[in-house]
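I have placed the structure first, in the form of structure tokens, so that the comments after it can refer back to it.
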Amino acid sequence: MHLARFPRIFLAHLPTPLERLERLSRELGGPDIWIKRDDCTGLSTGGNKTRKLEFLMAEAVAQGADTIITQGATQSNHTRQTAAFAAKLGIACYILLEDRTGSNDPNYNSNGNVLLDHLHGATTEKRPGGSDMQAEMEMVADRLRATGRNVYIIPGGGSNPTGALGYANCAYELVGQANDRGLIIDHLVTATGSAGTQAGLITGLKAINAQIPLSGMGVRAPKDKQEESVFNLAERTAEKLGCPGVVKRDDVVADCSYVGAGYGVPGPDTLEAIAIFAKLEGILLDPVYSGKAAAGLIDYCRKGRFKAGEQVVFLHTGGSAALFGYDAVISKALATATVG
Ligand SMILES: *Cc1c(COP(=O)(O)O)cnc(C)c1O
């Protein structure tokens, strides 16, 4: 089915800009690096979840929902964008935050995205790391349904076939922008977590035969597991879009060697990437997703895996609000001059 036939609430600032990163390209001395600014989707400091929520929230409204439940890690960008979207629609928002890092830093636990969740009027509840968050959401939904609420549950990261439509759309948008300026994209790089971004992108790219290799930089799971979950979601997204089978297993490539110590824990290469983008390009990355993806991008350039003359697009998925939950580790890295 054509994308325009799916219910959608047009709220994101689209198209997001496609810009050249002149100083970063010169610094790395390899390919021409471009950035697709999905950090500029416009909703409460922006980010990739806004594109998914345009389709998910439309489905919620179509079902008459008056309450949204979703979940994420403590510094979840997804829950923050969901809270903002729900505020805009006048719908109640319940958020379950999983303590995946065990950090007791006060800023991690109440500043950054957590502050914004609350500012948008969402109700948050915490759950221990390793909880079955889907089951936890179902329990909260039962509790609220018993009081007469019409509840719509959005999975973590908004990653199901409905949410992934937002990134099939992003693939169309990016290819259109590239066509308009005669740009042949040799590689597309993005962070990959709950899989909806990469799955939607690869489905969109394959559906229009764009022939752009896509690399997902993992932030949590090992390679095999990450690729399986992206492929599984891409297959279901392709089915929903009416082009079943268009994505092959080999089209799904994840590199999970920049995860470092674990989800939500930025290592020296991530902190360096954040400082490099900030100092050379005035662009804010985040410590959980885009900083790790950028660390992978920088390493690929340094190692010659991306070569001079090639055109590489980095899809910036947002997340800068999380910087304010990680000020201690960032300040320390800057002070010890291990970065930039
Ligand atoms: C959620 C998120 C991602 C990962 O996207 P998925 O669709 O979950 O794979 C990447 N970057 C940022 C900033 C995010 O918030």
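Each ligand, and each atom within it, is numbered from 1 in the order the structure gives. Count residues from 1 along the sequence. Fair warning: this is a prediction, and the values are worked out from it, not measured in the lab.
Without hydrogens or angle criteria, Lys248 side chain to Gly245 main chain gives a donor-acceptor distance under 3.5 Å.
At least one heavy atom of Gly193 sits closer than 4.0 Å to an atom of ligand 1. Proximity of Gly47 to ligand 1 is not established, as no heavy-atom distance is less than 4.0 Å.
Side-chain heavy atoms closer than 4.5 Å link hydrophobic residues (I, L, V, M, F, W, Y) into clusters, and following such links, even through other members, never connects Ile95 to Met57. Both Leu285 and Ile33 belong to a single network of hydrophobic side chains, linked directly or stepwise wherever heavy atoms of I, L, V, M, F, W or Y lie under 4.5 Å apart.
The protein atom (non-hydrogen) at minimum distance from atom 13 (C) of ligand 1 is Gly318 O, 3.0 Å. In this structure, the protein non-hydrogen atom closest to atom 11 (N) of ligand 1 is Thr317 OG1, 2.6 Å. For atom 14 (C) of ligand 1, the nearest non-hydrogen atom of the protein is Lys49 NZ, 2.9 Å. The closest protein non-hydrogen atom to atom 5 (O) of ligand 1 is Asn48 ND2, 3.1 Å. With hydrogens left out, the protein atom closest to atom 8 (O) of ligand 1 is Ser194 OG, 2.5 Å, a heavy atom.
With a 4.0 Å cut-off on non-hydrogen atoms, Val219 does not touch ligand 1 at all. Contacts of Ala195 with ligand 1, taken as heavy-atom pairs under 4.0 Å, involve the backbone alone. Of the heavy atoms in Thr190, none comes closer than 4.0 Å to ligand 1. Only side-chain heavy atoms of Lys52 come within less than 4.0 Å of ligand 1; its backbone N, CA, C and O stay farther off.
Shown here is Arg181, whose CZ atom has more than 12 heavy atoms of other residues, nucleotides or ligands within 6.0 Å. Within 6.0 Å of the NZ atom in Lys88, the count of heavy atoms belonging to other residues, nucleotides or ligands does not exceed 12.
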Query raised in the report: What's the verdict on side chain to side chain donor-acceptor pair (under 3.5 Å) for Asn150 and Asp66, showing C-alpha distance, side-chain angles and the deciding distance?
Result: CA-CA 5 Å; Asn150 186 340; Asp66 55 26; 6.0 Å; no
Requested in this report: Take Tyr108 and Asp99 through the test side chain to side chain donor-acceptor pair (under 3.5 Å) and record every step on the way to the result.
Outcome: CA-CA 10 Å; Tyr108 180 81; Asp99 179 16; 5.5 Å; no
**Report entry** Candidate pair Asp38 and Asn48, rule side chain to side chain donor-acceptor pair (under 3.5 Å), full reasoning
**Finding:** CA-CA 6 Å; Asp38 273 16; Asn48 62 340; over 6 Å; no
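To the nearest 0.5 Å, atoms CD (Gln211) and CG (Asp186) are separated by 12.0 Å.
Using cut-offs of 30° and 60° for the angle between ring planes, the Phe277 and Phe314 rings count as tilted.
With Tyr167 as the aromatic partner, Lys36 does not meet the cation-pi criteria of under 6.0 angstrom to the ring centre and within 45 degrees of the ring axis.
Taking every non-hydrogen atom of Ala191 and a distance limit under 4.0 Å, the qualifying atoms of ligand 1 come out as 10 (C). The Thr192 neighbourhood of ligand 1 comprises atoms 9 (O), with distances under 4.0 Å to a heavy atom of that residue. Set against the non-hydrogen atoms of Gly319, the atoms of ligand 1 under 4.0 Å away are 13 (C). Of all atoms in ligand 1, numbered sequentially from 1 with element shown, those under 4.0 Å from a heavy atom of Asp286 are 13 (C).
Taking only nitrogen or oxygen atoms, main chain and side chain alike, Asn77 reaches within less than 3.5 Å of ligand 1. Residue Tyr289 has no nitrogen or oxygen atom sitting less than 3.5 Å from a nitrogen or oxygen atom of ligand 1, judged on distance alone.
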